[in-house]
Student: 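Dropping the structure in here first, questions after.
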Amino acid sequence: MTPSTAAMAKGTTSSTSASRPAFARAAAVARELRKPIVVLKTGRSEQGARVTMSHTSSLSGADALYDALFRRYGVARVKSVSALVETLK
């Protein structure tokens, strides 16, 4: 399967900032291939960031940075699992 035929769209969840550069590279490729990406980003609020830290032992990252990254690469951001599923239909 080649990247251009692998999927109609990609849906993912994200709670950590460790892979931000890798995500940016993948989003750039997806944009070139006109493949939409939909993300459910956890750890948006201060409380959510604390929960993410306790669950994954990593920081969730500044939410504004993710908003900018998603806007730059045309990534759709959703706020719930149901919205993620509906957006990917």
Side-chain angles (χ1 to χ4, degrees):
M1 191 176 328
T2 65
S4 63
T5 61
M8 297 284 291
K10 171 71 174 156
T12 188
T13 60
S14 174
S15 61
T16 65
S17 58
S19 61
R20 206 174 5 226
F23 180 85
R25 288 190 300 274
V29 171
R31 186 175 183 172
E32 284 180 27
L33 297 174
R34 303 180 58 98
K35 303 290 183 180
I37 297 176
V38 182
V39 172
L40 170 60
K41 171 72 176 70
T42 59
R44 294 173 60 125
S45 66
E46 283 185 40
Q47 180 179 3
R50 283 193 301 273
V51 170
T52 297
M53 179 65 166
S54 70
H55 180 68
T56 65
S57 299
S58 61
L59 297 173
S60 61
D63 203 52
L65 294 176
Y66 280 99
D67 279 340
L69 177 68
F70 295 162
R71 275 193 306 274
R72 181 175 185 174
Y73 293 105
V75 174
R77 185 174 188 172
V78 295
K79 296 181 180 181
S80 69
V81 173
S82 60
L84 178 66
V85 171
E86 286 300 315
T87 304
L88 290 171
K89 285 186 177 180

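Numbers here simply count residues along the sequence, with the first being 1. Note that the structure is predicted; figures quoted are calculated from it, not measured. Below, each value reflects all heavy atoms present in this structure, side chains not excepted, and no hydrogens, waters or symmetry copies.
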Student: Can you list the residues that meet the side-chain contact (heavy atoms from CB on, under 4.5 Å) rule with Ala68, with sequence neighbours excluded?
Tutor: Arg71
Student: Side-chain atoms of residues 80-89: list all donor-acceptor pairs with protein atoms under 3.5 Å, sequence neighbours left out, distances to 0.1 Å.
Tutor:
unit_1: Ser80; atom_1: OG; unit_2: Ser82; atom_2: OG; d: 3.1
unit_1: Ser80; atom_1: OG; unit_2: Ala83; atom_2: N; d: 3.0
unit_1: Glu86; atom_1: OE2; unit_2: Lys89; atom_2: NZ; d: 2.9
unit_1: Thr87; atom_1: OG1; unit_2: Ala83; atom_2: O; d: 2.6

Student: Val78 versus Val38: any side-chain heavy-atom pair under 4.5 Å?
Tutor: yes
Student: Which heavy atom of Tyr66 sits nearest a heavy atom of Arg77, and at what distance?
Tutor: CB-NH1, 4.4 Å
Student: Looking at every heavy atom in both Leu65 and Arg20, which two are closest together, and how far apart are they?
Tutor: CD1-NH1, 3.8 Å
Student: Specify the closest pair of heavy atoms between Ile37 and Ala27, including all atoms of both residues, with the distance to one decimal.
Tutor: CD1-CA, 3.8 Å
Student: Can you list everything that forms a side-chain contact (heavy atoms from CB on, under 4.5 Å) with Ala26? Sequence neighbours excluded, please.
Tutor: none
Student: Would you mind listing every salt bridge (charged side-chain N to carboxylate O under 4.0 Å, His left out) that reaches into residues 21-30, with sequence neighbours excluded?
Tutor: none
Student: Quick check: does any side chain N or O of Arg31 sit under 3.5 Å from a backbone N or O of Arg72, one acting as donor and the other as acceptor?
Tutor: yes
